[in-house]
Amino acid sequence: MSKNRYAVIMAGGVGSRFWPVSKQKFPKQFHDMLGIGKSLLQMTYDRLCTTIPVDNILVLTNADYVELVKKQLPLMQDTHIVAEPAMRNTAPCILLAALKIQKMNPDATMIVAPSDHYIEEEHLFNENLETAFDHCSQNHHDLMTLGITPTSPNTGYGYIEFEPSSNQVKKVKQFREKPNLETAKEFLAKGTFLWNAGIFIWHVDGVVSAFAKAQPALTTLFKNGYEVYNTTHENEWLEENYQKAENISVDYAILEKSNHVNVIPAHFSWNDLGTWGSLYDKLEKNSDNNAIVNSSVTAINSSNNIIKTDTNKKVIIQGLENYIVVDEDDVLMIIPKTAEQEIKQIRQSAINKYGDEIG
């Protein structure tokens, strides 16, 4: 296990599409969404610990969630839990993390990983990660991403087009926005498109240099705080300056502007667990194709549903097909799966009626 390898776990999102389980005060990455006794954050942390020293793992999160991170990851050093005082998308927090790690270890390579992804075949993930780390440690200016080999013409993901070659590491030709169905089918037919999973690996020098070239104002802002990073004065500096950062994703900020982006086509099973439907796809089903999390369910003439409640809650359903049934705290939601794209609006309607505490 190399002392020069670091990980940054992104754990600041709200996950509003998983309402009413995921709420502003307790978002989805801190929940045991799969009913296996671990939150998505804990699963991500455990996965990375197999290849990266525990002391080299950082968590970037919202200031409101720091105590949740400490509770769920008790081995984390306080200085490695970075509290974002304001929501500013992925570019500012990734640049901040890269500068913090660069100050700790100028020879570091790092992975940036979302906290809410579900990855099966972790041995395949580790093999891809090993290849990526080796490449970036030798090619400091290359920016690497893991692309997921598509299993369907999914319109919910961005895509990465790569240049065909026999090498495992392939040069990225371009990033593509979420397509319509016909375009997604064309992508799959070409065989040179991958899903953009938002998993990145790079040398700290390479990513800091890419930011300096493509985002000079953002880089100047965060380099102004370099002296206080990893000290007791860091939080104070962030409180005053973080809000000045532009709200921009790392894709727009540097990846789409760089000629040094590479991708490894990954073959492990992956799901970004972004919606109830995607969770249903990954959960084990019973003989009626019902996916059940924690509940004790009696289902009569009911199939293809997802039911999630508190542990051992007794649920009786009859005549339901293709529904989402979620009981969380004081909220019970029963909606057809076809309405899951409307959950953000449903959540807002509930907040308007019952108040912010429900969201």
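Ring-plane geometry between His260 and His141 is classed as tilted, the angle between the planes lying from 30 to 60 degrees on a 0 to 90 degree scale. Ring geometry for His117 against Trp270 counts as perpendicular: the plane angle is over 60°, on a 0 to 90° scale with 30° as the lower cut.
For the side chain to side chain contact (heavy atoms under 4.5 Å, CB included) criterion with Met43, the lone passing option out of Lys38, Gln29, Glu122 is Lys38. With Tyr157 as the partner, the ring-ring contact (aromatic ring centres under 6.0 Å, His included) test is satisfied by one option alone out of Phe187, Trp195, Phe175, Phe193: Trp195.
Looking at heavy atoms from C-beta onward, Ile264 lies in side-chain contact with Met144 at the 4.5 angstrom threshold. Side chains of Met10 and Cys93 form a contact here, defined as non-hydrogen atoms less than 4.5 Å apart. In this structure the side chain of Leu96 reaches within 4.5 angstrom of the side chain of Val82, judged on heavy atoms. The shortest side-chain heavy-atom distance between Ile324 and Met333 falls under the 4.5 Å cut-off.
With a 6.0 Å cutoff to the six-membered ring centre and a 45° limit on the axis angle, Lys337 does not count as a cation-pi contact of Tyr323.
Within the structure, every pair that satisfies the ring pair (Phe, Tyr, Trp, His ring centres under 6.0 Å) test and touches residues 60-113, not counting sequence neighbours, is listed here: Phe30-Tyr65.
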CA sep, side-chain torsions, deciding dist, call: Leu34, Leu283, side chain to side chain contact (heavy atoms under 4.5 Å, CB included): CA-CA 7 Å; Leu34 297 162; Leu283 290 170; 3.8 Å; yes

One pair to check against side chain to side chain contact (heavy atoms under 4.5 Å, CB included): Tyr242 and Phe222. What are the steps and the verdict? CA-CA 8 Å; Tyr242 196 86; Phe222 281 104; 3.7 Å; yes

Evaluate Lys23 against Glu357 for side chain to side chain contact (heavy atoms under 4.5 Å, CB included), listing each step before the verdict. CA-CA 9 Å; Lys23 298 180 180 178; Glu357 66 276 2; over 6 Å; no

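Asp107 and Asn4 are not linked by any side-chain donor-acceptor pair at a separation below 3.5 angstrom, with hydrogens and angles left out of the test.
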